[in-house]
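Quick caveat, the model's predicted, so the values are computed rather than measured.
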Amino acid sequence: MIKKIKQVVFFGILLSTSWMGHAQVVIDIRYFPEAKYTVESKQTSTITVDIKGNEEFKRNFEKSGTKLPLMMNNDVFLSSIIETGKQEGDKIGFNTTFTAFDQKFAINGQPETVPNFLGEAVISGTYTDGNKIDITSIKGDKLDVDTKQLVTQMIREVSKNFSFPTRPIAMGENFKLEMNASFPAGPMGNIELVMEYNFILQTKKGHLSYFDFVVNVKSVVYKDKSIKVRGNGTGKMVYNSQIKLLEDLQNEMDIEISGVSEEFLLTAKMKSTSRIQTKKLK
């Protein structure tokens with residue numbers, strides 16, 4: 001049961017995690033050949049989970065000694081290094097090596113052991129047209145097949161379906177982006193995800209452009225229709241035109257998850273804050 005709950009929580013984390021005058025900005029995101037980048041991400045989340053079930057389920061749950069509702073606290077720190085190779089045509093090869101992973105997870109105040117499932121995992125692939133990603137391999141002894149498949153498909157879908165306007169954006173201008181993605185989630189089946197982002201360019205200082213945004217999880221449809229998700233959030237984004245990347249991305253999300261089976265009804269509410277920072281080393 002706890003394993004199933006963790007799967008639901010993991011997906012919620014992925015979602016949160018699953019962006020003066022007459023000045024104008026063109027958001028041109030791309031990676032350079034033979035370059036090196038560092039990426040650091042931090043996320044803090046609190047999750048409340050309540051479960052209602054039939055009499056047999058209640059008896060089995062009480063025997064486990066776990067009290068409802070479940071109060072979960074989750075803090076994750078992740079860092080990686082991206083190294084790109086020479087450009088061949090419109091493609092640039094890359095390797096992403098995860099260099100640090102630290103997760104603190106507690107249920108009802110009791111710390112849970114969380115193994116470093118990433119280890120020193122390496123994701124290899126190619127960038128096409130500077131930023132479209134194709135994954136060719138994921139190496140990591142601690143990653144199971146389902147996780148590798150999920151990570152691969154999520155990266156491909158987000159890369160394919162989430163792109164900024166190529167036209168200049170004026171100061172104070174709003175623009176919307178909608179991301180439609182489909183990917184497998186192991187025992188939860190396939191997921192159809194629709195998220196809408198609304199950005200506004202607030203200010204520009206030198207090569208840095210500052211945006212505010214709101215995000216709305218419009219729909220999440222599972223293959224068996226047993227799990228539903230809804231949510232919204234706000235955030236801030238800094239685009240660096242010198243390195244052609246999002247230098248800083250901060251996000252706060254509220255997410256509600258409900259799941260139904262023959263044995264129980266699960267509801268979960270999650271509040272999370274996250275930050276992703278990218279630096280170009282060479």
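The shortest distance between side-chain heavy atoms of Asn74 and Met72 does not fall below 4.5 Å. Side-chain atoms of Lys52 and Asp50, non-hydrogen and from C-beta on, do get closer than 4.5 Å to each other. At least one side-chain heavy atom of Leu177 sits under 4.5 Å from a side-chain heavy atom of Pro165. By the 4.5 Å heavy-atom criterion applied to side chains, Ile29 and Ile27 are counted as neighbours. Side-chain contact check for Ser241 versus Val25: every heavy-atom pair is 4.5 Å or farther apart. Using a 4.5 Å heavy-atom threshold, the side chains of Ser209 and Lys204 count as touching. Using a 4.5 Å heavy-atom threshold, the side chains of Val214 and Asn232 count as separate. In this structure the side chain of Val217 never reaches within 4.5 angstrom of the side chain of Arg230, judged on heavy atoms.
Taken to the nearest 0.5 Å, the CG atom of Asn73 stands 12.5 Å off from the NZ atom of Lys104. Here the straight-line distance linking atom CG of Asp102 with atom NZ of Lys42 works out to 11.0 Å at 0.5 Å rounding. Between Asn216 atom CG and Glu178 atom CD the span is 9.5 Å, to the nearest 0.5 Å. Rounding to the nearest 0.5 Å gives a distance of 6.0 Å between CD1 of Ile47 and CE of Met270. Rounded to the nearest 0.5 angstrom, Ile82 CD1 and Lys280 NZ are separated by 12.5 Å. Atom CG of Leu208 sits about 10.0 Å away from atom OG1 of Thr203, to the nearest 0.5 Å.
For Phe199 and Phe164, the gap between ring centers is short of 6.0 Å. Here Tyr127 and Phe94 bring their ring centres to under 6.0 angstrom of each other.
The hydrophobic cluster containing Phe105 also contains Val49, counting ILVMFWY residues as joined when their side-chain heavy atoms lie under 4.5 angstrom apart, directly or transitively. There is a path of hydrophobic side-chain contacts, each under 4.5 Å, that joins Leu78 to Leu245. Taking hydrophobic clusters as Ile, Leu, Val, Met, Phe, Trp and Tyr residues chained together by side-chain heavy-atom distances below 4.5 Å, Tyr210 does not share a cluster with Phe213. Cluster annotation: Tyr239 and Ile200 are assigned to distinct hydrophobic clusters (Ile/Leu/Val/Met/Phe/Trp/Tyr, side-chain heavy-atom contacts under 4.5 Å, transitive). Val238 and Ile243 are members of different hydrophobic clusters when ILVMFWY side chains are connected at heavy-atom separations under 4.5 Å.
Under the 4.0 Å criterion applied to side-chain N and carboxylate O atoms, Arg30 and Asp28 are assigned as salt-bridge partners.
A donor-acceptor pair is defined here as one N or O able to donate and one able to accept, closer than 3.5 Å; no such pair exists between the side chain of Thr44 and the backbone of Thr273.
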Between Ser124 and Thr136, is the side chain to side chain donor-acceptor pair (under 3.5 Å) condition met? List the steps. CA-CA 6 Å; Ser124 299; Thr136 55; 5.2 Å; no

